[in-house]
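Down below is the structure, laid out as structure tokens.
Residue numbers start from 1 in every chain, and the chains themselves are labelled A, B, ... in the order their sequence lines are given, proteins ahead of strands. What you are looking at is a predicted structure, and each value in this text was computed from that prediction instead of being measured. All values below were derived from every heavy atom in this structure, side-chain atoms included, with hydrogens, water molecules and symmetry-related copies excluded.
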Amino acid sequence: MSSNFIFNEIDKDIENGIYLADEIKTRFPPEPNGYLHVGHAKALYINFAVKEKYNATTYLRYDDTNPAKEDIEYTEAIQEDIAWLGFKWDQLLFASDYFETMYEHAIELINKGLAFIDDQTSEEIRSSRGSLVEKGTESPWRNRSIEDNLKLFREMREGKHEAGSRVLRAKIDMSSPNMNMRDPVLYRILFESHPHTNDEWCIYPMYDYAHPIEDAIEKITHSLCSMEYEDHRPLYDWVLDNIDAYKEKRPRQIEFARLAIKGALTSKRNLKKLVDNNIVDGWDDPRLYTLRGLRRRGVSAQAIRNFCAAVGVAKANSEIPREQLDYYVREDLGKTAKRIMAVVNPLKLTVTNYPEGQIEILDVPNDTSDPDSETRQVAFGRDLYIEADDFEQNPPKGYHRLYPGNEVRLMGAYFVKCTGAVVDADGNVLEVLCEYDPETKSGSGFTARKVKGTIHWVESTTALPIETRQLGELLDPEKPSGDVLERLNSSSLERLDSFAEKSLEAANPSDTFQFVRLGYYCADSTPGVGGKMAFNRTVELKSTWKPEKA
RNA sequence: AGGGGUAUAGCCAAGUCGGUAAGGCAACGGAUUUUGAUUCCGUCAUGCGUAGGUUCGAGUCCUGCUACCCCUGCCA
């Protein structure tokens, strides 16, 4: 049972007759200025959880009120990522489609004496805003006549005033302890081509003015956002209070704490910096906690959704260890992933009593924990590769994989007893020798003796190399791998490892901020390294790169 | 003249009217095991930031402290 206080709030609103149970409506309002990351996954989860529970309507609305920062590139990507995550919005909307209405409402506010054109520079506005402990001072233009305000505002729209020369401000209270209420700017002049409205406008509404109107137009009942907007709620309500059309049945803003994962970078600004400086491979670099990065890394959408549900929704700041996401990845992959054997760091294993040149095809269960599991065909022969660290010449205490004299099971095949190893002059193990016992064939019901270790292997002449890029995709249910046998050779890792080097080069030795973890999932693992599926190989990076404070 | 939030286990988090601290992750035992995985059993807060108060009874109510987060964009 996941926790979500927002359900309680909605329930109360329904009980109190504020909203009807069948008219609940939410929205996910990203600004199209970057790619989505785990943090967005939580916001998406919350909005769509409401949709599911209340049979509500949920929109995807681009909050595109600042053309200077937005790009069409991102709108497509955002939709792809949400669709991949498995959420289906009822309608795709653009805040910019409401610009005309917003403009009319601004005129209404001017007519009511609640907004004015301010000719001060941005510096003057800033300095007259006061400070956290000092009142602000009113603009000298605050009491301009309604007629002048109207005329100026119209001229602003017509492009007759330079960018930055004037703004439309709300007339609220320069002495408010809430900075947001000190005559906030409602409209600014921006001669920027807008990705959606092109050059139709040269004045653009600010978030605080636009957002409540967007919600109200769409009849959103619960406008869910993160905690930093809590201080903006009085302004949100002020806007709706003062526009006649929205006085009744208006949306209610509810704030929740953002999701933070320890060590995961989730600020667009810093993410963009990593991408732009080529410190990472792109927005889908598997070390990033972008939705695309996670996907490439092999994280399933279901796992992310389960993770969000488990974490719950509350108002307290929190930081969740990555291991908690990992758990849900393993849980889901364990149920759904196709399994194959893979060797990351190969070591030659020769079955000396197996006929040379002979290859036999074994039926190996895809999931040994499921007796009804389907099987796949895997080639077995004399010349195999095993994971290098599945062999020890001088095994430490408690080691129960391969070492001279010890017997282990080759998963899905036979028991194999280590008879020795070929070692070069420097003591490097070149090849491990063993003998197999035909009676111990997998599935034969052999119980005469037991082994403590089971290891993975691939047959050397039939194993296939795999591209690094495919590592994460291997288990993507939408991109099934049809391979029976796969082999990862060490060069597969080079590309990923080189990412690490780049990061380190960019590092500042005085800073140990850790921003990435390289890890990926693949079908089978090497015993002892991490288990069945996930985290076969995980590389922790300490980087010197320090994210800028926004 | 500052304002707004938040404090429950190592990490998240439930706890509507006050009635004797859910659940998940992690950890630790043990059973099963053809992956040192999975699965399965079990353990894990006389305690709810802190000091008082009210009450038969307080995580819940009252008062005073403390810590952390957010707010001075013509960003969202």
Side-chain angles (χ1 to χ4, degrees), chain A residues 1-5 8 11-12 29-31 33 63 65-66 68-70 118 120-122 125-127 129-136 163-169 175-182 184-190 204 206-208 210-211 225-234 255 257 262 268 307 309-321 323-328 330-331 334-335 339 341 364-365 367-370 398-401 409-413 415 440 442-443 446 450-456 524-534 550:
Chain A
M1 187 46 59
S2 71
S3 56
N4 188 338
F5 79 95
N8 298 347
D11 286 343
K12 274 185 227 160
E31 183 185 21
N33 68 347
D63 215 354
T65 57
N66 185 358
K69 292 198 171 179
E70 294 149 13
D118 196 338
Q120 292 185 107
T121 64
S122 57
I125 290 178
R126 192 194 325 123
S127 59
R129 187 150 28 223
S131 74
L132 296 180
V133 292
E134 289 167 316
K135 295 178 182 184
S165 61
R166 304 167 213 276
V167 291
L168 179 72
R169 283 231 260 174
S175 64
S176 171
N178 181 346
M179 301 296 288
N180 297 304
M181 300 299 270
R182 319 241 265 224
V185 173
L186 266 23
Y187 267 91
R188 77 286 217 183
I189 301 169
L190 242 35
Y204 291 93
M206 299 288 288
Y207 166 87
D208 282 314
H211 209 87
C225 60
S226 43
M227 291 299 288
E228 67 264 32
Y229 290 104
E230 208 154 27
D231 285 341
H232 295 248
R233 192 177 349 125
E255 308 83 13
K262 197 165 169 55
K268 268 179 198 165
F307 169 71
V311 160
V313 185
K315 288 170 84 96
N317 291 330
S318 65
E319 202 176 42
I320 302 176
E323 288 71 16
Q324 204 153 330
L325 203 211
D326 295 347
Y327 170 82
Y328 292 96
R330 271 184 268 119
E331 181 194 54
K335 280 187 262 186
R339 296 150 200 240
M341 287 190 281
V364 176
D367 183 354
T368 53
S369 64
D370 173 11
Y399 187 85
H400 45 252
R401 280 166 279 161
R409 160 156 243 122
L410 292 179
M411 191 177 177
F415 281 12
T440 59
S442 177
F446 178 85
K450 294 203 167 199
V451 289
K452 281 192 169 176
T454 300
I455 66 172
H456 289 197
D524 277 344
S525 77
T526 54
V529 174
K532 173 154 61 181
M533 356 226 6

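One can find a donor-acceptor pair under 3.5 Å joining the base of B:rA76 and the side-chain atoms of A:Tyr229. No N or O donor and acceptor, one from the side chain of A:Asn178 and one from the base of B:rG4, sit under 3.5 Å apart.
Figure legend. B:rG2 is base-paired to B:rC71; pairs are counted as Watson-Crick or G-U wobble with both atom distances under 3.5 Å. Base pairing of B:rU38: no nucleotide in any strand meets the Watson-Crick or G-U wobble criterion (both distances under 3.5 Å). Across all strands shown, B:rU66 forms a Watson-Crick or G-U wobble pair, both distances under 3.5 Å, with B:rA7. Using Watson-Crick or G-U wobble geometry with both donor-acceptor distances under 3.5 Å, B:rU20 finds no partner in any strand shown. Pairing of B:rG47, defined by two Watson-Crick or G-U wobble distances under 3.5 Å, is not identified with any nucleotide.
A glycosidic torsion no more than 90° from 0 defines the syn conformation; B:rG59 lies beyond that range and is anti. For B:rC17, the base is syn relative to its sugar; the glycosidic angle is within 90° of 0.
A straight line from CD of A:Glu228 to C1' of B:rG5 spans 12 Å, rounded to a whole angstrom. Rounded to whole angstrom, the span from the CD atom of A:Glu323 across to the C1' atom of B:rC11 amounts to 10 Å. Whole-Å rounding puts the A:Asp63 CG to B:rC75 C1' distance at 11 Å. Atom CZ of A:Phe307 is separated from atom P of B:rA13 by 11 Å (rounded to the nearest Å). A:Tyr204 places its OH atom 18 Å from the C1' atom of B:rG73, with the value rounded to the nearest Å. Put simply, CE on A:Met179 is 13 Å from C1' on B:rC70, counting in whole angstrom units. Atoms CD (A:Glu331) and C1' (B:rA37) sit 14 Å apart, rounded to a whole Å. Taking atom CG of residue A:Asn180 and atom P of nucleotide B:rG73, one finds them 10 Å apart after rounding to whole Å.
Comparing B:rU16 with B:rC61, their C1' atoms sit 15 Å apart, to the nearest whole Å. Rounded to a whole angstrom, the distance from the C1' atom of B:rG4 to that of B:rU8 is 23 Å. Taking atom P on both nucleotides, B:rA21 is separated from B:rA9 by 16 Å, rounded to a whole Å. B:rA14 sits 12 Å from B:rG59 when the C1' atoms are compared, rounded to a whole Å. B:rC28 and B:rC44 have their C1' atoms separated by 8 Å, with the value rounded to a whole Å. Here, B:rA37 and B:rA27 have their P atoms 11 Å apart, quoted to the whole Å. Using C1' as the reference atom, B:rG49 and B:rG30 are 37 Å apart when rounded to the nearest Å. Comparing B:rA58 with B:rG18, their P atoms are spaced 13 Å from each other, to the whole Å.
Annotation: of the two residues near RNA chain B, A:Tyr328 and A:Val133, the 5′-most nearest-nucleotide partner is A:Val133. Take the nearest nucleotide of RNA chain B for A:Lys12 and for A:Asp208: the residue whose nucleotide is more 5' is A:Lys12.
A:Glu319 comes within 4.0 angstrom of the backbone, heavy atoms only, and of no base. Looking at heavy-atom distances under 4.0 Å, A:Val185 makes contact with sugar-phosphate atoms alone, never a base. A:Leu190 comes within 4.0 angstrom of nothing in the nucleic acid, heavy atoms only. Within the nucleic acid shown, A:His232 comes within 4.0 Å of at least one base atom, counting heavy atoms only. Base engagement by A:Tyr399 is indicated by at least one non-hydrogen atom pair under 4.0 Å involving a base atom. As judged by a 4.0 angstrom heavy-atom cut-off over every strand, A:Val313 is placed among residues touching the sugar-phosphate backbone only. Within the 4.0 angstrom heavy-atom criterion, no nucleotide atom of any strand lies near A:Ser127. Residue contacts shown for A:Asn33 are absent, as no nucleic acid heavy atom lies under 4.0 Å away. Residue A:Lys135 is in base contact, counting any heavy-atom pair closer than 4.0 Å across all strands shown. Residue contacts for A:Ser318: at a heavy-atom cut-off of 4.0 Å it reaches the sugar-phosphate backbone alone, with no base atom in range. Within the nucleic acid shown, A:Arg233 has no heavy atom closer than 4.0 Å to any nucleic acid atom. Using a 4.0 Å heavy-atom criterion, one finds that A:Glu230 contacts the sugar-phosphate atoms exclusively. Within the 4.0 angstrom heavy-atom criterion, base atoms lie near A:Gln120.
Here B:rC69 is the nucleotide among B:rC75, B:rG5, B:rC69 with the atom lying nearest to any side-chain atom of A:Asn317. Minimum atom distance to the side chain of A:Leu132 is reached by B:rC71, of the listed B:rC71, B:rC74, B:rG36. Of all nucleotides listed (B:rC11, B:rA13, B:rA76), B:rA13 comes nearest to the side chain of A:Ser3. Distance from the side chain of A:Tyr327 is smallest for B:rC25 among the nucleotides B:rC25, B:rC75, B:rU72. Each of B:rU6, B:rC75, B:rG2 was ranked by its minimum atom distance to the side chain of A:Met206; first place goes to B:rC75.
Taking 4.0 angstrom as the limit, A:Arg188 places a side-chain polar atom (N or O) nearer than this to OP1 or OP2 of B:rA76. Proximity of A:Arg330 to the phosphate of B:rC25: no side-chain N or O atom is located under 4.0 Å from OP1 or OP2. Phosphate proximity of B:rC75 to A:Asn66: present, with a side-chain N or O under 4.0 Å from OP1 or OP2. Distances shorter than 4.0 Å separate none of the side-chain N or O atoms of A:Arg126 from OP1 or OP2 on B:rC74.
Of the possible polar contacts, none joining the A:Glu134 side chain to the A:Gly130 backbone as a donor-acceptor pair under 3.5 Å is found.
In summary, the aromatic rings of A:Phe415 and A:Phe446 are positioned with their centroids under 6.0 Å apart.
Annotation: side chain of A:Thr65 is not in contact with side chain of A:Tyr204 (no heavy-atom distance under 4.5 Å). A 4.5 Å side-chain heavy-atom check between A:Val167 and A:Leu186 finds every atom pair outside the cut-off.
Across every non-hydrogen atom of A:Ile189 and A:Ser165, the tightest pair is CD1-OG, 3.9 Å. A:Tyr328 and A:Ala310 make their closest contact through OH-CB, 3.0 Å (heavy atoms, listed as atom of the first residue, atom of the second, distance). Between A:Ala316 and A:Ala257, the closest heavy-atom pair is O-CB, 3.3 Å.
Note: A:Tyr229 and A:Tyr207 have tilted aromatic rings, judged against thresholds of 30 and 60 degrees for the angle between ring planes.
Contact check on A:Lys315 versus A:Glu255 returns a salt bridge, with a Lys/Arg side-chain nitrogen under 4.0 Å from an Asp/Glu carboxylate oxygen.
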So if I define the base as every atom that isn't primed, P, OP1 or OP2, how would nucleotides 29-34 of chain B read as a B/S/- string at a heavy-atom cutoff under 4.0 Å? -----B

